[in-house]
Amino acid sequence: MTRNFVSYLTFLLLFLNMALVVKPCFASNPISAPIAKAGILDLRNTDLENFTVPIDGEWKLYWKVLKKPGTTETYHEITKFPQLWRNTLWKGKFLPSQGFATYELKVLLPKERDQLAFNIRDMYSAYTFYVNGKIIAANGVPGTDKASTVPYWSTQVKPFQPTDTLFLTLQIANFHHSKGGNTKSIEIGSFSKLQAENNLDYAFDFLLTGCMVMGGLYFLGLYLLGRHDKATLYFALFCFFYSYRIIGTGDYAIHSIFPTLGWHLAIHCEYISLFMAVAMFALYTRNLYWEDTPHKIIFVMTGICFALVVITMISPPLLFSNLINPFIGLLIFYISFATSIYIRAYKNKRIGAKYALLSTGVIFIIIIALILDYYDITYPEKIFLFVGYLGFFFCQSLILSFRFAYTLKKAKTDAEMGLKVKSEFLSTMSHEIKTPLNAVVGMTHLMMKETPRPDQKQHLDVLLFSANNLLAIVNDILDLNTIEEGKIQITNAPVDLSEILKSIVSGYKMSAEDSGIDLIIRLDDKLPAKISADAKRISQVVGNLVQNAIKFTSKGWVKLEVEIISSTEKDITLKISVQDTGIGIAEEKQKIIFDQFTQIESSSTRGFGGTGLGLAISKRLLELQGSALHLESEEGKGSNFYFIQTFPILEETAKQKDVLPENIEEKPLKGICVLIVEDNRMNVVVVQNFLKRWGAESEVAVNGQEALDHFDVTRHHIVLMDLHMPVLDGYQATKQLRERGETVPIIALTASLAPDVKRDMFSIGMTDIVSKPFNPDQLLNKILDQTVRL
Ligand code: ADP
């Protein structure tokens, strides 16, 4: 902090030093410039080719006279030039700010001289400047009263015919501004040099204005197209108002493009842009560091600025130009106040506060330099003002960019967080749903095996059907979640496609019959016996298409067809299609049905049930395997869903069937003792009942800790381990059993089958996994598989 602060201060001091160049040095004359004495300025020994000299000093003043050059006017006084009238003594009294006067000066020039020129800046409020009796420059028209005076402000570089002696006559009149006289020096120097300097000044002004206007437009665009961040809007407005001040004050570069721009309009814009820029900056600061801002003070500050804008709009310049002096005091307070906000923001580690602090430091210096210039104390060098403004603008833009990037980053992490929370929620929920579902399915299976009465059998069928439906929905949601997380894995293995498809069809035979439709399967005779494919995913996709076809067909048929599109020795390309003569899908709906949770909302399809996930999952599963799901359909006539996929052909191997032992209906697990580690009482009952039916003995531990305490290697042949349990979960219990050196087979009972969960389980020493709700045959097979190895 301290080192940062020191470097910050050093930078500001350096900038201050460069920005504030004490007035005499402005003349760029290493030897101090000669000063006019008693109406005569002797420049005979001054190098005017290389140096620009202010023709300041003692001029002759004729008050209330617009003296023509060469005419004789007896009474005059010697006075300092440039100087405001209210500071000028005439007949022992200070002059009023409104009036008219003539100044005269005799300038003696060197013998050797280049083409010379005068650089004449604006005066309050109109002047005519004569050199040797010829008018060489004028701003407006000086008159003897308000009606005959036309005010105008601009900076001009005017060449003149140099002679040994110059007689300068300057007529000034002011009836429109609260100040009269002049504060800015007239300079004499080489014409080319003065013009080049003037052009450079204009170039800086235009460049800066261009930057500010573009910046303003850019930030306005960000505000309108983005998140409507008010700080961005106020900064854009600040840029617009301040950009006017760069060309509409100082050297009045604006007049070089709009020479006809009237003084009244220009001075109104000059004041309004100042008040508005300050108000916008205050509002910007407030919105940028909301928590660090004393809102009431900002409220009062902006209120004052807006009030000043109103006064400027409704009153004449003679009146509102009086506002500037008190406003300068206020401005110093405003900048100090803004700095205090930025210091607070910096301390509170707000985004970009470092740059805010730096840039207010710079603008503080610029404003101080401008104020000192205004009071004629120092002149700021244009280049440093330019660098300062640019630095200020750059820092502020940086802050807004940081802010914008931060908002984007935050939105991204929020969205990622949201996705993570969603997927965690979905897996927890599905786990929670699957656990009781396990008991429902298990109990139903058990009751069905206990020779129920026909009416009881019917009820149990409904129960099992509903439970399986619910399970399918939970599995769908889990599947989609896994696909979205990119965690799904396609595992190819040798499969007999015909067998898979036939078993799908036989699985849906009953429901097709119930709907009174024919379910047809047509397979190409030349289908190879074994191909490499993911049997689970193919069944999922085809099963879903067949299920939909039956669901949306009330008469006619549903046909599952496999055609060979092409084949080589190594692989085969198949078109697998499911056609129906059902309700069909209107053309405009055909694209949207592949989006998740989309169902066609029409009276004809409402009431078919479903989640709207099946097609979305099928489409993504096929895409993962390099295929695509296509649809041809006509409303009222039927649909044809198909996909084309290439599979490697494998040589036929001996069939490896999971054959259950012959004595399956007897007691296949006789003599085996199983330790069930499960906290859900219902699940325990289901597992215990099955084990009893299979002839096994069982003992129960309600959590991992109990399992560690009760496990007895001499008694327990196998452990069925739930994963989520209080006190000590299944992962920890398994880990600790393995650390103890136990080699007993541990089969995990889990509702979550995400690949990373599986990987975790095997890495800690689980022997196998059975997913919940378990299929009794599968559980028996897995236990048998382990016990055979015992
Ligand atoms: P679900 O069947 O669970 O509603 P799907 O994603 O499988 O979800 O299907 C989305 C929608 O597509 C269905 O609700 C239905 O409107 C339409 N659809 C799917 N298959 C067919 C079909 N064979 N015939 C007519 N409409 C269908």
Side-chain angles (χ1 to χ4, degrees), residues 1 4 7-8 11-12 207-246 273 276-295 298-299 301-302 305 334-335 337-364 366 386-422:
M1 158 81 191
N4 273 350
S7 44
Y8 168 74
F11 169 79
L12 287 184
L207 185 62
L208 203 58
T209 306
C211 289
M212 286 211 140
V213 171
M214 285 315 293
L217 287 174
Y218 172 73
F219 287 114
L220 189 66
L222 274 190
Y223 170 76
L224 293 175
L225 304 174
R227 291 162 46 100
H228 293 270
D229 177 4
K230 284 214 178 113
T232 322
L233 173 68
Y234 289 128
F235 190 66
L237 294 176
F238 167 78
C239 289
F240 293 141
F241 285 116
Y242 209 86
S243 62
Y244 180 82
R245 292 203 58 78
I246 309 277
S273 62
M276 284 303 282
V278 174
M280 291 304 119
F281 196 75
L283 289 174
Y284 161 68
T285 305
R286 174 184 187 227
N287 282 280
L288 191 64
Y289 298 120
W290 188 266
E291 292 95 338
D292 310 302
T293 304
H295 295 269
I298 292 274
F299 192 69
M301 278 164 64
T302 44
C305 289
Y334 280 13
I335 298 177
F337 182 66
T339 311
S340 76
I341 294 177
Y342 291 141
I343 290 177
R344 212 168 306 150
Y346 179 73
K347 278 191 191 148
N348 293 336
K349 297 197 167 59
R350 308 270 184 232
I351 316 161
K354 211 169 26 181
Y355 299 97
L357 200 54
L358 192 70
S359 69
T360 28
V362 171
I363 199 78
F364 206 163
I366 291 177
F386 176 76
V387 170
Y389 274 132
L390 220 58
F392 163 76
F393 184 65
F394 175 70
C395 285
Q396 294 297 340
S397 309
L398 256 184
I399 302 164
L400 288 177
S401 309
F402 275 135
R403 198 173 155 94
F404 204 69
Y406 173 80
T407 324
L408 277 186
K409 212 165 128 191
K410 192 164 175 298
K412 190 171 166 259
T413 38
D414 283 356
E416 281 169 358
M417 193 67 175
L419 270 183
K420 206 168 155 238
V421 170
K422 185 200 87 176

Are any of the side-chain heavy atoms of [X] and [Y] separated by less than 4.5 Å?
X    : Y    : value
M276 : L237 : no
P294 : I341 : yes
C211 : L390 : yes
D229 : T407 : no
T232 : L220 : no

What distance separates [X] [atom1] from [Y] [atom2], expressed to the nearest 0.5 Å?
X    : Y    : atom1 : atom2 : answer
Y242 : T209 : OH    : OG1   : 11.0 Å
F394 : I399 : CZ    : CD1   : 11.0 Å
I363 : L358 : CD1   : CG    : 12.0 Å
L233 : N287 : CG    : CG    : 9.0 Å
K354 : C395 : NZ    : SG    : 11.0 Å
F393 : S359 : CZ    : OG    : 11.5 Å

Quiz item: Looking at R286, K347, R344, R350, which hits side chain to side chain donor-acceptor pair (under 3.5 Å) with D292?
Solution: R350
Indicate the atoms forming the closest heavy-atom contact of [X] with [Y], along with that distance.
X    : Y    : value
C305 : V278 : SG-CG1, 3.9 Å
V213 : S243 : CG2-OG, 3.6 Å
K410 : T413 : O-OG1, 3.0 Å
T302 : A282 : CG2-CB, 3.9 Å

Quiz prompt | Backbone of M212 reached by a side-chain donor or acceptor of Y389 within 3.5 Å | solution = no
Quiz item: Any donor-acceptor pair under 3.5 Å linking the side chain of Y334 with the backbone of M301?
Solution: yes
Quiz item: Between Y355 and Q396, does any side-chain donor sit less than 3.5 Å from a side-chain acceptor?
Solution: no
Exercise. Would you please say whether a donor-acceptor pair under 3.5 Å links the side chains of Y342 and T285?
Key: yes
Practice problem: Step by step, work out the side-chain contact (heavy atoms from CB on, under 4.5 Å) result for S273 and F240. | Solution: CA-CA 9 Å; S273 62; F240 293 141; over 6 Å; no
Exercise. Can you label the angle between the F238 ring and the F392 ring as parallel, tilted or perpendicular, going by 30° and 60°?
Key: perpendicular
Quiz item: Would you say F337 has more than 12 foreign heavy atoms packed within less than 6.0 Å of its CZ?
Solution: yes
Quiz item: Is it true that E416 and K420 make a salt bridge, defined as a side-chain N closer than 4.0 Å to a carboxylate O?
Solution: no
Quiz item: Does the side-chain contact (heavy atoms from CB on, under 4.5 Å) test come out yes or no for H295 and W290, once each step is laid out?
Solution: CA-CA 8 Å; H295 295 269; W290 188 266; 3.4 Å; yes
Quiz prompt | Near-ring test F235/Y284, centroid separation under 6.0 angstrom | solution = yes
Self-check item: Verdict with supporting geometry, F281 and T360, side-chain contact (heavy atoms from CB on, under 4.5 Å)
Solution: CA-CA 11 Å; F281 196 75; T360 28; 4.2 Å; yes
